[in-house]
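Notes follow the structure.
As the structure lists them, so they are numbered: ligands from 1, and atoms in each ligand from 1. All figures in this text were calculated on a predicted structure; none of them were measured in a lab.
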Amino acid sequence: MTAKVIDGKIAAAELKGSIKKAVAARKTKGLAVPGLATVLVGEDPASQSYVKAKHRACEALGIASFKVGLPADTTQEKLEATVEGLAADDTVHGILVQLPLPKGLDAERVLNMIPLTKDVDGFHPVNIGRLAQKGREPAFTPCTPSGIIYLLKKTMGSLEGKNAVVIGRSNIVGMPVSLLLVRENATVTICHSRTQNLQAIAKKADILVAAIGRPEMVRGDWIKPGAVVIDVGVNRVEDASKKRGYRLVGDVAFDEALEIASAITPVPGGVGPMTIAMLMQNTLRAAQMMDQVF
Ligand code: NAP
């Protein structure tokens, strides 16, 4: 079997196209232009490039964006005052504090200060708590996990009753995607660094999500024939043949998986593009929620 390659770039472009239309329609109707503010503390190159990509996406879709950059030695008080200012600004519908924060800053305190209705990253503890509770609705769900569910439903239709195995339990990916899969009525097993017999558990999955951060750890013989594999990992491995000296690989050995799975996301070009598209969707939603307030 050669697996279908799930093209996240195409899916993200489709989604962004519909967001762009919705933003333009708001402008025609005289409704507020959705606005996203990013807060970046320090100069971590990866974080800088993520923030840059988010602003580029805003620009392309007609969403207003506000960039706040703070030095790495910013105090907790200054950071909290910045978030407080954005929380009070009516032109800002979504606030995103780029994580990880430099050592010494308390991310949880900062995330707690973002109003639930502006929490477009979906990381506010109350939004995550609601995600975990039956019958409760979070204002927003985290972007990478939502992008994963979008790709899975596009590929498989209903996820109901499927056996899903998620490797990774981080606050950003593993845990929220597991909660979203439960909401889709999948049966979910969450694995982590202390899981025993990981390969045997993975091999039972109809849906295998790898969010580990270990290059090509999941091998072909970990995969159930016909499974749908979502590779979230983004890892640099040295590659002298590349100009920049490295290439990006996922957490799954892609070529091996291609022979066994029915569908798989590539790295890059799979989950990554969906993350930003979902952020744009959440920002539009934040503006729509504000319409109902005024
Ligand atoms: P993380 O916070 O480091 O979490 C990694 C998880 O993997 C942890 O739960 C850890 O278990 C588990 N793990 C580590 N080694 C393991 C092992 N040998 N066996 C089983 N489980 C193991 O990472 P993350 O933030 O979730 O990110 C995971 C990957 O996704 C990274 O490569 C990251 O770059 C990528 N990512 C991509 C996007 C995107 O948009 N494409 C977005 C976010 C992240 P413990 O909990 O026991 O430590």
For [atom], which protein heavy atom lies nearest, and how many Å away is it?
atom	answer
atom 39 (C) of ligand 1	Thr275 OG1, 3.9 Å
atom 33 (C) of ligand 1	Val234 N, 4.2 Å
atom 42 (C) of ligand 1	Thr144 OG1, 3.4 Å
atom 21 (N) of ligand 1	His192 C, 3.1 Å
atom 31 (C) of ligand 1	Gly213 CA, 3.7 Å
atom 44 (C) of ligand 1	Val173 CG2, 3.8 Å

Whether [X] lies under 4.0 Å from ligand 1, heavy atom:
X	value
Ala211	yes
Thr195	no
Met274	no

Which part of [X] is near ligand 1, with near meaning a heavy atom under 4.0 Å away: side chain, backbone, both or neither?
X	answer
Asn171	neither
Ile212	both
Val232	both

Ligand 1 atoms in contact with [X] (distance to a heavy atom under 4.0 Å):
X	value
Gly272	40 (O), 41 (N)
Arg214	14 (C), 15 (N)
Leu198	19 (N), 20 (C)
Asn235	32 (O)
Gly168	6 (C), 7 (O), 9 (O)

What's the shortest heavy-atom distance between [X] and [Y], and which atoms?
X	Y	answer
Pro176	Ile172	CG-O, 3.5 Å
Ala3	Ala263	CB-N, 3.8 Å
Asp251	Asp231	N-OD1, 2.7 Å
His93	Thr283	CB-O, 4.4 Å
Asn171	Phe123	O-CE2, 4.2 Å

- [ ] Assess whether side chain to side chain donor-acceptor pair (under 3.5 Å) is satisfied between Asn127 and Asp119, documenting all intermediate values.
- [x] CA-CA 8 Å; Asn127 274 329; Asp119 176 37; 2.7 Å; yes
TODO: Give me the one residue out of Leu181, Leu179, Val177, Val165 that meets side-chain contact (heavy atoms from CB on, under 4.5 Å) with Val188.
DONE: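 Of the listed residues Leu181, Leu179, Val177, Val165, the side-chain contact (heavy atoms from CB on, under 4.5 Å) partner of Val188 is Leu181.
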- [ ] Please determine which of Val110, Asn112, Leu111 meets the side-chain contact (heavy atoms from CB on, under 4.5 Å) test together with Val83.
- [x]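 Of the listed residues Val110, Asn112, Leu111, the side-chain contact (heavy atoms from CB on, under 4.5 Å) partner of Val83 is Val110.
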I'd like to know if [X] pairs up with [Y] as an ion pair, taking the criterion as any Lys NZ or Arg NE/NH1/NH2 lying under 4.0 Å from an Asp or Glu carboxylate oxygen.
X	Y	answer
Arg247	Glu238	no
Arg26	Asp291	yes
Glu59	Lys54	no
Glu137	Arg130	no

TODO: Name the option, out of Pro215, Ser193, Gly147, Gly8, that contains the heavy atom nearest to atom 11 (O) of ligand 1.
DONE: Ser193
- [ ] Out of Ser170, Pro142, Cys143, indicate the one that has the non-hydrogen atom closest to atom 4 (O) of ligand 1.
- [x] Ser170
So is [X] polar-close to ligand 1, meaning N/O to N/O under 3.5 Å?
X	result
Arg194	no
Arg169	yes
Met217	no

Task: Crowding at OH, Tyr50 (>12 non-hydrogen neighbours, <6.0 Å) - done: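 Open.
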